[in-house]
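Okay, so here's the structure we're looking at.
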Amino acid sequence: CGFHLRDALLLPPDLGPIRLVARNPDSALALALGQALERAGATMAADDATDVATLNLVGERWGNTPISVDQFGRAQEFTLRYAAIFSLRRADGSDLVPQQAIELSRDYISVPTRSEGTDDEREILSREMRRDMVASILRRIDAVSRMSQAQGVGPAAPAGAEAAGLDSAGSESATTAPVEPPATAPTVETPATAEPEPAPVPAP
Amino acid sequence: RTADRRQPMDIEAGHQVGTFSADSTNTLSGGVHITQGSLDITSSTARITMVDSEPTRAVFSGGPVVLKQVMDDGTPMTARANGVDYNLRTEVVVFTGDVQIQQPRGSMSGQRVVYNLKSGSVESGGEGGGRVKMRILPRNAQAAPAAASMPPDDKDGE
Amino acid sequence: AEDRPEDWRLCPIQDAVPAFADAQQPVGSAETRTEQPTDIEGDQLAGTEARPEFEGNVALRRGDQFLGTNKLTFDSDTGHYLADGSVRYQDSGMRLVADSAEGNQNTDTHNIQDVRYQLVSRRGNGGAEHIEMHGSQGALYGATYSTCPPDDRNWELRAQRIDIDTDAGTGVARNAILRVGKVPVLYVPWFPFPIDNRRRSGLLYPRISLSGRNGFDYRQPIYFNLAPNYDATLTPRLMTQRGFQLGAQFRYLTETGRGTLDFDYLPSDKLTERERDEETAEFLANGYSLDNRRSENRGHFRFTGQQDLFGSWEARANLNWISDPRYLEDFSNNIDGLSPYSVRSDIGVYGHGLYWDAGVMASHQQLADYTLRERALPHDRLPRAYVRWEQPFGRWLTAGLDAEAVRFYHPDKASGSRMDFKPFISMPLAGASWFMTPKLAWRYTGYRLDDELTARLGDDAPDRSLPIASLDAGLFFDREASIGGESYLHTLEPRLFYLRVPYRDQSGLPLFDTRPMTFSWGQLFRDNRYTGADRQTDANQLTLAVSTRLLRQSDGREKLSASLGQIRYFDESRVTVPGEVAVERGKSAWVADTSYAINDRWSIGASYQWDPKFRRKDLASVRTRYLIGDDGIVNLGYRYRRNLLEQVDFNFLYPLTPAWSMVGRYYYSLRDRQLLEGIAGLQWDSCCMAVRLVGRRYLRNREGELNNSIQLEIELKGLGSAGPDTEGRLRRAILGYYREDLYLVPPSQASGNDDDDQDDTSPDLMP
């Protein structure tokens, strides 16, 4: 039925070394992503290397919200959600993988009368989700690389295309979102420019 | 200054037509330079009318006529225009054609400006006289000589 | 919660006082005006050179000022000027049209008659009998102010005098009457309001609401912009039925850390007194602990902070305290005030590197549900130290260690400390289209128990050690597929996971933080069925699973992902926790997950667990979401968990027209035949005013009694919203009500806050 063993995760040969840029370079996801890329055969460029391909980890966000309450109104089921926004640009700045958001979610039970171990379960889930996020990002890069590989240079996706994607690496529960990436202006300027002067926003 | 009128008037010119007798009209051309006290006028041509041997009116043209003078209050004034009609008796000067008047207080420009040097009253523009512009320098800059060059007189007439 | 920025999309493009075509680009600011030259031009000039009189389409320009008029007389010595006839004035802060104006350029003072004005920064506009301006300050007499366009005056502030400072961005109205539509709504002797959206000290938007429990509820936050990197907000709040509450928030931000401190305090809450007898009767009837009753003085404290230490080490704190278990219930009017049953605090130092992550932390929980007793809360961990290390050695070998030492403490339960030590080696073999990872671990867990537990379990230092062997292997198949003209990569990923752990009698071990984990896809590939180290499953099982995905090749987005898996138990798993049924030989429940992006606006996700042994379903959940336009969204969800819940949740924000939109939620528990939350609301939005009328029916207390509340929120854009923060509340009820929330619905109880520039890469969270 046409299925064949996958050949190596191939990054377009003209991609060259990849520089991993993250808003929080210390984030565990950034470290794990760098390792996984190296294992997949990519050569990582130094942080300050110029005109090299850039994998930009624009943002990460954790969320833990109750999704069902019992008849007394007490939360009994939670969903741990993890979203990451990334993009991969070639050395010349054109998009290989346009900026998009991946959202993973895992539901878990924590009934009020037996809530011990909830912290541990959440910690186990969060470690698993971080591994799945790395796998999801690599998978998307692989899917796009294959196409650009097949068509020579491959079309640069229109920058800032308003498209949402949804990813759930076999997540226990179906995630809800096609995730609408933040309305990035089509300019190259990514929204995550660090403000020089940190200014807390007035809380109403 | 009004005291200029009592000063001798020196006239140089490339070419002169006329006798400068009591009542006469004399035409000078080929580069004219007239000084009288603090008054100093240079132009390409001039027509001076004498009435009972006293210069009463001088009409200059050519480009551009440059008239320099010190006012009664001691402040210098420099004017440029294509044509200048100076009535020496009433001290009223009519500047026409890309007029620019420079003073420490500021500068003025227009297509036609009537300037009474004695009273300081000024009149410009109106019936096709084109836009009149005036620039007044801020307090601290006025002490400096009115060197602030006028913004180029953009031809934005009506 | 983060406020949604003012939304001016519905406003006409044309300003109340349209920009003057012939005005120059502003140069410099109000302060530097007097150093700029003054250019005047006109059709005609008269008067004297010192005191010119211009006529005919006169224009005076200086710095950022532009004055257009029919006739202008100017005295260059004194700077005095008089402008008469269709005066048009503009500077960097304001634009106005008037009959006449008089003033002095040197002292930059102006007196303008019969004015119509427009603030440049924020659509504020109106009229005035006359304006006295000095530099950037303006005093408008007999003035009106509104952000509405002149021909659509939804609200207007009419004041005897309005002082405006375009530099400081503040406006103060005196003896003002606020008119909504044609109806005078409010008389205010003194009313400050912001005229641009800069951060500066002063009053923020007041919040006014009315409810049975609180009576008339007026909150007036005062913001103190103490320094560029720290600020404070004080919120005095008057509730006629309960008393006077003071709330405060302090926030700081440094290069290496940030933090927020919140507290509020309501001395002698009348609600406590009012409902004391009824509450006591209810507690005695249901056997609830009397200590859980409302306290006299109510308050709560909360500190969240992060501080970088050295290298990758950072300290994080998330401390919370409530005065009594009913605090959250009494200080919120929606279901989210009721859902937490405990309030968690944790503080610790965490670090991580390429191959390791570690931390030393402490965590404590405080009861927030009056029907429970302290015993229901899990043990505090005072402290807990953990390290996880995994490092490849050469190409084929990886070694690592998971270690944790915890001292458990609980006021009402026996306590003790535990040390769990799990070194492991694994051989992650992988090719392009396959992977196989055998892993062998040895787990040693030892305890030091207090006397009570020692007496009960017979040993003050029980321990357990056993080997854990597992093999995780999988293949990757894929093929090109094209659907609807788009080319997709269609993958097929079979995977198996074999786990072999010998049986050890663990009945002599205490239970501190261990219970079975939620059965899910992830559970198929874990080497322990329990959350904590108190129990380690014995196992001889094999998981067979397969996943398939459709990845769009143009941008890598995943259109479809589906997975199916099951565990085959070759032997019975005899380790259990009290109340748990042992796992018999045979098959586990099937686990199936799928999510499908029908198109970029519509997605559907489902999970299903079916137990072949008892031929029944354990879990069935379907969630679908449809995005409408920029803001609209419809969510429909059905959840069933055996013996736990069967609920349906339908919520939507439906934009009928750019102005009108409907919001609604119907959250119903089929199992208890009980409405959990119902919302019906209408929102009318216009250029300068938004009105939200929201009716809500939600669980008010543990008795399952429902409470109705009708909330009217009038938001005068640019002046301050006058109603309760219904918009914030709606975000939680409706997933993604406010588009940027689409990833996660605030307030997420994740640590770290929600503002965009700060990432939270750590999930230490609060239930």
Side-chain angles (χ1 to χ4, degrees), chain A residues 2-3 5-8 23-24 26-28 31 59-66 68-69 71-75 81 83 97-98 103 108-110 112-114 116-118 120-121 126 128 140 143-144 147 157 163-168 170 172-176 178 180 197-198 200 202-204, chain C residues 3 204 223 228-229 231 233 251 253 312 338-339 341 352 376 378 432-433 476-479 489 492 513-515 517-518 520-522 531-532 547 551 553 555-558 561 563 595 597 600 603 605-607 623 625 645 647 672 674 699 702 704 742-744 748-750 759-761 763 765:
Chain A
F3 276 106
L5 281 174
R6 178 179 72 173
D7 38 37
R23 178 204 305 281
N24 170 3
D26 234 354
S27 96
L31 294 176
E60 291 175 55
R61 182 88 55 93
W62 285 98
N64 179 57
T65 46
S68 75
V69 293
Q71 75 276 17
F72 301 113
R74 294 177 305 200
R81 302 170 72 160
V97 181
E103 185 191 334
Y108 60 96
I109 299 173
S110 171
T113 47
R114 279 194 74 173
E116 72 273 11
T118 300
D120 303 284
E121 178 161 17
S126 62
E128 286 173 1
R140 295 192 176 202
V144 172
M147 179 146 174
L166 157 125
D167 179 273
S168 66
E172 189 279 329
S173 94
T175 58
T176 54
E180 184 73 25
E197 180 54 43
Chain C
D3 253 349
L204 296 182
Y223 177 73
N229 66 340
D231 61 20
T233 310
R251 300 186 313 175
L253 196 62
S312 73
L338 216 51
S339 58
Y341 45 84
H352 64 273
S433 60
F476 300 98
F477 297 94
D478 60 32
R479 66 176 180 169
L489 180 69
L492 191 63
D513 63 353
T514 300
R515 63 165 166 74
M517 290 189 71
T518 315
S520 63
W521 168 266
T531 56
S547 298
L551 291 156
Q553 291 199 294
D555 53 14
R557 287 210 170 80
E558 196 171 77
S561 124
S563 45
S595 48
D600 292 341
S603 72
S607 309
R623 272 189 278 214
R625 168 204 302 240
L645 57 91
Q647 303 182 352
D672 316 308
Q674 154 125 38
L699 274 175
R702 297 298 183 220
L742 208 47
Y743 311 126
L744 305 165
S748 150
Q749 286 144 339
D759 251 347
D760 54 6
T761 53
L765 313 158

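The shortest heavy-atom contact between C:D513 and A:D120 is OD2-OD2, 3.3 Å.
For a residue to count as touching a neighbouring chain, one of its non-hydrogen atoms must lie under 4.5 Å from one of that chain's; by this rule C:T514 touches chain A with the backbone only. Residue A:E121 touches chain C through both its backbone and its side chain, counting heavy-atom pairs closer than 4.5 Å. The contact between C:D672 and chain A is made entirely by side chain atoms (from C-beta outward), counting heavy-atom distances below 4.5 Å.
Residues C:F477 and A:L5 form a side-chain contact, since some pair of their non-hydrogen atoms from C-beta on lies under 4.5 Å apart. Put simply, the side chain of A:T118 reaches to within 4.5 Å of the side chain of C:R515, judged on heavy atoms.
Remark: A:R114 engages no residue in a side-chain hydrogen bond (donor to acceptor under 3.5 Å, both in side chains) (not counting sequence neighbours).
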